[in-house]
Amino acid sequence: MIDMPILTDQNLIHEAITRAVEKIYPSSEAFQKELSSGRRLRIYYGVDPTSPHLHLGHAIPLFILRRLQDLGHEIIFLIGDFTARIGDPTDKLAARKPLSAHEVKANFTTFKKQASRIIKFSAENKARVAFNSKWLAKMNLEDVVRLAQYFTVQQMMERDMFEERMRSGKPIGLHEFLYPLLQGYDSVALDVDVEIGGNDQTFNMLMGRDLLRSIKAKEKFVLAAKLLVDPGTGKKLGKTEGVPLINLDDAPGEMFGKIMAMGDGAIAPLAEYCTTLSLDDVLALQSLAATKPRDAKLKVAEAIVAAVTTGVAARKARKAFIAVFSGDQKPEAMPEIIIGATSMNLTELLFEAKLAPSKSEARRLVEQGGVRVNDEKKSDPNEIILLGRGIVLQVGPRRFVRVRGSA
């Protein structure tokens with residue numbers, strides 16, 4: 001493979017180091033100077049396969065990677081198949097449930113395919129995939145002990161969630177101290193110049209920066225990306241936070257509908273973080289959102305779906321959404337789930353169908369008249385619904401699920 005020329009256009013560099021970027025270590029100025037030097041940098045982003053899906057939260061660093069890839073830099077997509085078995089304690093008030101090697105392997109089966117919706121794994125300057133089990137699984141006890149000597153317990157305790165657990169009297173597993181140590185070693189094994197991750201990964205990424213300096217006397221830049229949060233709750237969008245996930249492998253129509261279901265406060269960050277729109281277009285959307293939020297959200301939803309699928313699929317999803325929303329008609333295709341029962345309490349059914357994040361929210365939706373079964377509005381959250389050969393469950397004007405029961 002012949003590497004593409006390194007681009008040093010200052011407008012492109014400015015966008016790469018500012019768009020969706022929370023902070024750069026040691027500094028934005030130093031990183032801009034490095035990008036302007038014409039030297040090809042090795043840059044990586046790592047994801048632990050704790051779920052089979054990449055979601056819009058992962059898309060934010062991936063879009064930053066793509067901008068740096070388009071400048072000509074070497075890109076590595078790291079799958080944390082070893083660290084996933086330990087579990088990152090980030091933002092958790094309890095230790096994560098360990099995953100088996102089999103579960104981890106099943107989860108990352110389509111990761112490259114999903115990531116390829118944003119970064120390039122073919123043609124000019126293609127990214128490569130790496131697995132951290134390649135080096136971490138070979139470590140013996142002596143290797144781990146030697147690695148641990150670079151850090152102190154006091155340094156580990158500076159991590160926010162560990163401090164919070166200590167205050168609340170909740171236990172901290174010794175293995176949880178190993179996670180940032182092993183993730184940090186990824187930077188050494190890959191011999192990188194730059195690491196990208198969400199700003200909730202800053203502690204781990206800076207551990208890698210310290211290790212690289214200590215072991216190889218090499219500087220590493222850290223790009224902490226902004227996080228996508230639910231505008232209603234302020235919670236990070238993620239599989240464990242009880243808010244609807246927008247997965248990169250969702251069907252275009254499903255992705256479009258989920259974006260439209262988000263609060264108006266999400267419009268501006270979504271436009272900046274998760275689209276390929278120009279910065280001028282992003283600013284224009286922010287202005288539109290102040291006066292016509294629905295119109296702005298339609299444009300953002302179409303731009304996101306286009307960025308991770310195709311423009312044709314995005315336009316089709318927009319057309320279908322508008323038809324359902326304004327014409328009160330069911331979509332031809334809708335998600336389908338199978339429930340292991342022939343009947344179920346309506347509140348539990350909404351929760352099982354993932355149309356409500358909790359049973360209390362499901363009950364509220366019914367009581368407020370927002371739920372229909374086969375076009376019939378329901379008012380009793382305790383009503384028993386017969387599933388028969390299948391029903392259409394609807395929440396609001398545009399969320400539909402076909403539910404089938406099985407004995």
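This structure is a prediction, so every number in the text was calculated from the model and none was measured.
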**Student:** Return a table of donor-acceptor pairs under 3.5 angstrom between the side chains of residues 5-15 and protein atoms on other chains or two or more places apart.
**Tutor:**
{"from": "D9", "atom 1": "OD1", "to": "N11", "atom 2": "N", "distance (Å)": "2.9"}
{"from": "D9", "atom 1": "OD1", "to": "L12", "atom 2": "N", "distance (Å)": "3.0"}
{"from": "Q10", "atom 1": "OE1", "to": "Q32", "atom 2": "NE2", "distance (Å)": "3.2"}
{"from": "Q10", "atom 1": "NE2", "to": "T8", "atom 2": "O", "distance (Å)": "3.1"}
{"from": "Q10", "atom 1": "NE2", "to": "S36", "atom 2": "OG", "distance (Å)": "3.0"}
{"from": "E15", "atom 1": "OE2", "to": "R19", "atom 2": "NH1", "distance (Å)": "2.7"}

**Student:** Under the rule for side chain to side chain contact (heavy atoms under 4.5 Å, CB included), what residues qualify as partners of K292, not counting sequence neighbours?
**Tutor:**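 Side chain to side chain contact (heavy atoms under 4.5 Å, CB included) check on K292 returns L288, D295.
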**Student:** Looking at residues at least two apart in the chain, or sitting in another chain, which of them share a side-chain hydrogen bond (donor to acceptor under 3.5 Å, both in side chains) with T83?
**Tutor:**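 Only D48, N132 meet the side-chain hydrogen bond (donor to acceptor under 3.5 Å, both in side chains) criterion with T83.
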**Student:** Please list all pairs passing the side chain to side chain donor-acceptor pair (under 3.5 Å) test where one or both residues lie in residues 309-318, with sequence neighbours left out.
**Tutor:**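 Matches after skipping sequence neighbours: E302-R318.
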**Student:** Can you list everything that forms a side chain to side chain contact (heavy atoms under 4.5 Å, CB included) with S27? Sequence neighbours excluded, please.
**Tutor:**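 With sequence neighbours excluded, S27 shows a side chain to side chain contact (heavy atoms under 4.5 Å, CB included) to E29, A30, given in chain and number order.
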**Student:** Could you tell me which residues satisfy side-chain hydrogen bond (donor to acceptor under 3.5 Å, both in side chains) with R117, sequence neighbours excluded, listed by chain and number?
**Tutor:**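 Result, side-chain hydrogen bond (donor to acceptor under 3.5 Å, both in side chains) vs R117: none returned.
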**Student:** R363: what forms a side-chain hydrogen bond (donor to acceptor under 3.5 Å, both in side chains) with it, not counting sequence neighbours?
**Tutor:**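 With sequence neighbours excluded, R363 shows a side-chain hydrogen bond (donor to acceptor under 3.5 Å, both in side chains) to N382, given in chain and number order.
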**Student:** Can you name the residues that form a ring-ring contact (aromatic ring centres under 6.0 Å, His included) with Y273, not counting sequence neighbours?
**Tutor:**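 Per chain and number, Y273 pairs via ring-ring contact (aromatic ring centres under 6.0 Å, His included) with no residue.
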**Student:** For R39, what residues pass the side chain to side chain contact (heavy atoms under 4.5 Å, CB included) criterion, not counting sequence neighbours?
**Tutor:**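 Side chain to side chain contact (heavy atoms under 4.5 Å, CB included) check on R39 returns E34, S37, L41, D193.
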**Student:** Is there any ring-ring contact (aromatic ring centres under 6.0 Å, His included) pair reaching into residues 246-269, and which pairs are they, with sequence neighbours excluded?
**Tutor:**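 Pairs touching residues 246-269 that pass the test: F256-F321.
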**Student:** Side-chain donor-acceptor pairs under 3.5 Å in residues 247-254, sequence neighbours left out?
**Tutor:**
{"from": "D249", "atom 1": "OD1", "to": "H53", "atom 2": "ND1", "distance (Å)": "3.0"}
{"from": "D249", "atom 1": "OD2", "to": "H53", "atom 2": "ND1", "distance (Å)": "3.0"}
{"from": "D250", "atom 1": "OD2", "to": "N247", "atom 2": "N", "distance (Å)": "2.9"}
{"from": "D250", "atom 1": "OD2", "to": "K258", "atom 2": "NZ", "distance (Å)": "3.0"}

**Student:** With sequence neighbours left out, what residues match E103 under salt bridge (charged side-chain N to carboxylate O under 4.0 Å, His left out)?
**Tutor:**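 By the salt bridge (charged side-chain N to carboxylate O under 4.0 Å, His left out) rule, E103 matches no residue at all.
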